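Below, all heavy atoms of this structure are taken into account, side chains as well, without hydrogens, waters or symmetry copies. A note on names: the letters A, B, ... follow the listed sequences, proteins ahead of strands, and every chain is numbered from 1. Just so we're clear, the structure is a prediction, and the values are computed from it rather than from any experiment.
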Amino acid sequence: MAHPIPPTAPDQVQLLTPDGRRVAHPDYRLDAGPDLLRALYRDMAVARRIDAEGVTLQRQGELALWPSLLGQEAAQVGAAHALADDDHVFPSYRDHGLALGRGLDPLKLFALFRGVSNGGWRSAEHNFHLYTLVIGSQTLHATGYAMGAALEDAGSAVLVCFGDGATSQGDVSEAFNYAAVYDAPVVFFCQNNQWAISEPNHRQTRVPIHQRAAGFGFPGVRVDGNDVLACLAVTRAALERARTGRGPMLIEAYTYRMGAHTTSDDPTRYRDAAEVDAWTRRDPIARIRAHLEREGLADEAFLAGVDEAAEAAALRVRQGVRTMADPEPEAIFDHIYADGHALVDEERAEFRAYQASFAGAEGR
Amino acid sequence: MAHPIPPTAPDQVQLLTPDGRRVAHPDYRLDAGPDLLRALYRDMAVARRIDAEGVTLQRQGELALWPSLLGQEAAQVGAAHALADDDHVFPSYRDHGLALGRGLDPLKLFALFRGVSNGGWRSAEHNFHLYTLVIGSQTLHATGYAMGAALEDAGSAVLVCFGDGATSQGDVSEAFNYAAVYDAPVVFFCQNNQWAISEPNHRQTRVPIHQRAAGFGFPGVRVDGNDVLACLAVTRAALERARTGRGPMLIEAYTYRMGAHTTSDDPTRYRDAAEVDAWTRRDPIARIRAHLEREGLADEAFLAGVDEAAEAAALRVRQGVRTMADPEPEAIFDHIYADGHALVDEERAEFRAYQASFAGAEGR
Amino acid sequence: MAAMTPGRTDTGTDPTVLSLGRAINTALRHAMEADPKVVLMGEDIGPLGGVFRITEGLHKDFGDRRVLDTPLAESGIVGTAIGLALRGWRPVLEIQFDGFVFPAYDQIVTQLAKLRARSGGALALPVVIRIPYGGGIGAVEHHSESPEALFAHIAGLKVVSPSTPEDAYWMLRQAIAGNDPVIYFEPKRRYYQQGPVDTAAAPHPLHAAVVRRPGRDITLAGYGPTVGTCLEVAEEAAAEGRSVEVVDLRSVSPLDTDTLAESVRRTGRLVVVHEAPVFFGAGAEIAARITRDCFYHLQAPVLRVGGYHAPYPPARLEEEYLPTPDRVLDAIDRSLSF
Amino acid sequence: MAAMTPGRTDTGTDPTVLSLGRAINTALRHAMEADPKVVLMGEDIGPLGGVFRITEGLHKDFGDRRVLDTPLAESGIVGTAIGLALRGWRPVLEIQFDGFVFPAYDQIVTQLAKLRARSGGALALPVVIRIPYGGGIGAVEHHSESPEALFAHIAGLKVVSPSTPEDAYWMLRQAIAGNDPVIYFEPKRRYYQQGPVDTAAAPHPLHAAVVRRPGRDITLAGYGPTVGTCLEVAEEAAAEGRSVEVVDLRSVSPLDTDTLAESVRRTGRLVVVHEAPVFFGAGAEIAARITRDCFYHLQAPVLRVGGYHAPYPPARLEEEYLPTPDRVLDAIDRSLSF
Ligand SMILES: Cc1ncc(C[n+]2csc(CCOP(=O)(O)OP(=O)(O)O)c2C)c(N)n1
Ligand SMILES: Cc1ncc(C[n+]2csc(CCOP(=O)(O)OP(=O)(O)O)c2C)c(N)n1
Ligand SMILES: [Mg+2]
Ligand SMILES: [Mg+2]
């Protein structure tokens, strides 16, 4: 635990200081009216509340696992607000804030982490792909999807999420390279939350992650990942760049995983409380809230309203999870192939007969 | 064939101009006395001659395949001369010049391309690892080997060869990253011969290859790959850097594959004669020879002596290949495991019995 | 004799004679003409036409946007193809040689094969991966392997291998037209084998086995490059008065063991022939299933002739490693005298 | 009863009782103490001690130079381990979960497995790859798979899986002491199973099967996590008057089918149980070999109970997918009534 990770980074784009003051940046501007500012706060607060419910439900035995987004709300909500409807998102597995931002029913996420499905939402409905658990794989899918958009002159962009640890995977470098060579309209959105389970950044990379991009031929930028305005502005610019045929870009959102890696993890084994404390003082939600209050945009009623909305969302999730039906056993054999497979049919029939033998036995 | 590849590149380190004049470089110096200059010429000429024998022997049906190094003699011989005895080399499959430089009997290479073995030399004897045919794989082996050297404080370095095409492989990026993170004493020696079979550089990468390194946290440099002095100086500096604990470095030797990819290839299908011609005028051997002549270091006797040595080496190879015995059939079962494996024993016994049944049949 | 070629409607047209490689080229061309969403991806498949010239002429005729010379990264090829497929494209990929598919194995196994199930049926992954495979061409390491078992074990993939130009054409057309990922193994040493190809005829079902030669005494089963070996053996055996039936399995996943079992019930004996190592190879699965389905009909255990548990040897030894006619004849002897 | 535990010299010392996971931890510690060339590499194996705590305490005691928390790249782990092995180190790698071994598959198959043969015996690759595998822990996708067949098919690799703490300890010690690459599959749902471990006793040969429970009517064969299932089934069956023999195969490559055949010749019936999909799984190879070796002794075809040809299902369905005691009992019924 020799290298506590400081909660600031050099050269990061910032539009909002930790105490909630707007600052200008030469390259990234953002006109953010009251409605947008309030919406950002609300979305972050709701995401955090639903996420907390995930942790609770897992503790209560309702979920197999929950990977908490705690601390990463600004990055995810900022990015979500930058997206156009026909942009497509390829998430990792911690991107609940983006899922909500795309309009996905959170119960879909909970079904996954309850062990009811391995994904199971229709990505086309919200232009939000399935979660991907194999680290880094989705960066290639996103790149291919973006190559398709370019072939079709679709004018839309693709956003793909991954973590700091993921940057070590060969697939991610291959994705960078394919994106560069094919000038694919894809934005690589890396949430550098400082940790890959128990491994800090310096075990993954020798230099800041955003610097990786230049060597593949496209720009990389580091943004203060706890600054929702900066995340929004930078992501918006990158997406627009992609949409207008100027190729890929890498965004490193410099943030912090304030909780455990997942509910299975015990971070006290590998990091100091002092580090967590330092980052807690840079809480992304506190920052936008400070700004709202400083600007007089958040009265009691508004704040109470957000809390209420968050509670309601959490309640809906809680009830939904508790009453979530298990899948039918025979679902094991569903949707493996689009056009069928004789062996699956054979095994399904055997399975049915076997199940029926119990029904018979119980009947006796 | 829209983009003929120009035979010069910006920012490449050069110590010898194409017409054989020495030039200075601020970062790389080389004291090269007559003996060294002559040795470089001789090694390049011999490598080219042996290589040509490979092409001929393949045409005559004596070899399954031959990947020619034609045009890459300066890069390989320069690098070979930069190595210390206890540095270890991980070659690709076209690095005959390095093999010779390390003292490997060229017949070992010919045995491989004749289909007599899949490698089969003892890498420890010459600190020269086996050829690797799966593009890029050896970069990780080299990195691990260098990590070991660092763990042992061995003070030696590792040189690993690969092509421009290889830089696209995830493994190569992973190797860059491991090398950077572990500060491994490995020099990544990329011979950019402009082509990966039929694919030119711009299908592999959007930016010059040497730029890839910075994003992983170590320096990359481009050297005129047809300038044997520059290749020697830059590789020597990189190896020294590695040996003294200053970490990895990437060298892009900018050169040209003057022949076909291998004897199976027909480059007229994908590149223009004009491009080949332009590069032929920058022939690496002609360059060092021009320098020797300009400096009065190569008289007729010397040049004739080199030709003779080259012919003698080629003759030895030719005779060696023609009389090379096929392996014993049972060698199929040899050396699969160090400690044995029951199934291999069983199959070997079956094989032996089966072979014996023919012997019997012939005897009848 | 109807059993000897896939049953199909007689169209009255004369089938053209093509080499197996040319039949694949023709199938790609026809598929690209029929569906603008078909794109080809791979290394050196553009101006060069692939190291085996299987894509010859296609880059010229369909251009850079339909025939993509990719970077040298197989995981990237499959991974980006998945992305393209998610958008409705139908990528047909070429892996240059059998031994170079492994960098893509993760994407194939964890993503390509599983995405449809993961999505609960919302997604389809119509991606065909063409892999020239097998030995007998005197090549260097990694250029002669037969890794089909490593794909057949994976649910979500289909695995096929044609043995004739006609099958090469039609099975590829069917694979491309279908909505599942298909690993299409091309018997590279048979690329130059000639045969009739009727591109107008109704094809045989993609995953059905076919009896290539009827016989009474013993059944030989193969697929891809070993079907030719089996037919050769049958001919030789006939000269010695043995009637050998040859079944071309055509599909490794699913396996049509029904057609094979029907044959074995008649002959009572089976030898399975493939180039892949026998240990954990397709022959094991076939033996297990056929023994289960024909337990009382088998007069000898199912025998397997294939590669040894050894890396594919250097070219000068490959004839000793491959399932040659002699080795198959030997197995027939052992089965008949069991 | 001697057959029930690996035969070993009685040392007179009381074996300690350890969990299977702890036995592995102890084996790693002892191997590191015994040989300074043993290094551990993997993700989160350092200060955290691995997600299953199998390397707990080792980073603290052996430091950064013996216990390497690697970047998150499995190909890199195996590829650099190969380089270390070429220098004389003995890397022991942890792959965090079964489903994450595939990025390393290329390095394992084309390099780790083949380098010794490629070198004509000049090189040895003493690399052990530990993979927690199998289901039954209620995990999300990719965390419950059983990919052993994909390694057993590859010449140059050895594949083993212990079922008891004692085997977990000794088989790992043997794997590390040996000079070949070994894929060591850890039955993760048995990590907490307790048992005696005598670290002083002479171990059973690494690749020999063991009869865990003698019986007369039918043989059950398993390895790793399913041995426990088989023993449970044998107990239940005994209550119904059926005498079931249980063979723990221990090694998947090589497979000790001799020990198994000896059993089957006595019982006449065999059911193979593994979690991996049955199609192209170990059961196929075992069925093929046992049928060949026991053709006239088998009174029913070898039956296989294992995973279906389907991706490992979401946790709420895994009990339906796994080879549960009920499914094994059903197979016993089918075999006995064949
Ligand atoms: C290929 C692969 N290897 C290992 C894992 C196990 N694993 C799950 S999450 C994780 C760390 C990921 O770190 P990072 O990319 O920084 O994302 P974060 O969890 O911090 O959001 C690891 C090693 C995996 N899911 N996939
Ligand atoms: C993983 C892998 N994929 C494909 C191939 C087939 N292949 C052999 S050489 C080659 C091109 C290599 O180009 P480059 O890296 O530039 O090296 P060069 O041959 O030019 O020296 C290809 C694609 C291979 N050997 N390995
Ligand atoms: Mg992280
Ligand atoms: Mg090249």
Side-chain angles (χ1 to χ4, degrees), chain A residues 1 64-65 93 111-120 131 133-137 163-172 196-200 203-205 261-262 264-267 269-271 324 326-334 336 341 343-344 346-348 350-351 354-355 357-358, chain D residues 42-53 56 59 64 68-77 79 96-97 99-100 102-104 106-107 137-144 277-280 305 307-321 324 326-327 330-331 333-334:
Chain A
M1 308 196 188
L65 188 82
Y93 46 78
L112 193 168
F113 290 108
R114 187 177 167 86
V116 163
S117 84
N118 281 333
Y131 274 9
L133 272 45
V134 179
I135 298 294
S137 294
D164 42 292
T167 60
S168 298
Q169 282 287 3
D171 270 11
V172 175
I197 308 186
S198 73
E199 298 197 28
R203 295 245 174 251
Q204 301 292 343
T205 177
H261 170 68
T262 66
S264 304
D265 182 38
D266 173 8
R269 288 177 162 264
Y270 53 80
R271 69 183 187 186
M324 202 173 269
D326 280 350
E328 285 302 310
E330 236 187 270
I332 289 174
F333 303 99
D334 290 347
I336 303 167
H341 188 284
L343 178 60
V344 175
E346 176 187 322
E347 291 188 342
R348 184 197 288 272
E350 280 168 21
F351 182 82
Y354 169 72
Q355 296 275 90
S357 75
F358 285 94
Chain D
E43 296 157 9
D44 305 293
I45 65 165
L48 179 61
V51 295
F52 289 108
R53 308 293 181 264
E56 183 152 37
H59 180 264
D64 257 1
L68 278 68
D69 256 345
T70 66
L72 208 177
E74 288 78 6
S75 190
I77 296 173
Q96 202 161 75
F97 283 93
F100 305 137
F102 301 113
D106 177 54
Q107 283 286 350
I137 63 159
V140 292
E141 205 186 346
H142 312 293
H143 292 68
S144 307
V278 159
F279 193 60
F280 279 73
V305 182
Y308 299 107
H309 189 67
Y312 197 90
R316 294 268 160 174
L317 288 183
E318 69 180 334
E319 283 305 312
E320 313 288 345
Y321 180 91
T324 50
D326 276 348
R327 283 181 62 206
D330 175 67
D333 282 350
R334 282 185 286 125

Open item on the list: Could you check whether any side-chain heavy atom of D:Ile45 comes within less than 4.5 Å of a side-chain heavy atom of D:His59, counting everything from C-beta outward?
Closed with: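 Side chain of D:Ile45 against side chain of D:His59, heavy atoms only: no contact under 4.5 Å found.
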Open item on the list: Any non-hydrogen side-chain atom of A:Pro327 less than 4.5 Å from a side-chain atom of D:Arg316?
Closed with: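 The answer is yes; the side chains approach within 4.5 Å.
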Would you say [X]'s side chain and [Y]'s backbone share a donor-acceptor pair under 3.5 angstrom?
| X | Y | value |
| --- | --- | --- |
| D:Glu74 | D:Phe102 | no |
| D:Gln107 | D:Gly76 | no |
| D:Asp44 | A:Ile197 | no |

Side chain, backbone, both or neither: which part of [X] has a non-hydrogen atom closer than 4.5 Å to chain A?
| X | answer |
| --- | --- |
| D:Arg53 | side chain |
| D:Asp330 | side chain |
| D:Asp333 | neither |
| D:Phe97 | neither |
| D:Glu319 | neither |
| D:Tyr321 | both |
| D:Glu318 | neither |

TODO: Could you pull out all residues at least two apart from D:Asp326 that satisfy salt bridge (charged side-chain N to carboxylate O under 4.0 Å, His left out)?
DONE: none
TODO: Not counting sequence neighbours, which residues clear salt bridge (charged side-chain N to carboxylate O under 4.0 Å, His left out) with A:Glu199? List them please.
DONE: none
Task: Which of D:Arg327, D:His142, D:His309 touches chain A most, by non-hydrogen pairs under 4.5 Å - done: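 It is D:His309.
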Can you tell me which portion of [X] sits under 4.5 Å from chain D's heavy atoms? Options are side chain, backbone, both or neither.
| X | answer |
| --- | --- |
| A:Glu328 | backbone |
| A:Val134 | both |
| A:Ile332 | both |
| A:Leu133 | both |

Open item on the list: Salt bridge or not between D:Asp64 and A:Arg203? Use side-chain N to carboxylate O under 4.0 Å.
Closed with: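 Salt bridge between D:Asp64 and A:Arg203, a charged N being under 4.0 Å from a carboxylate O: yes.
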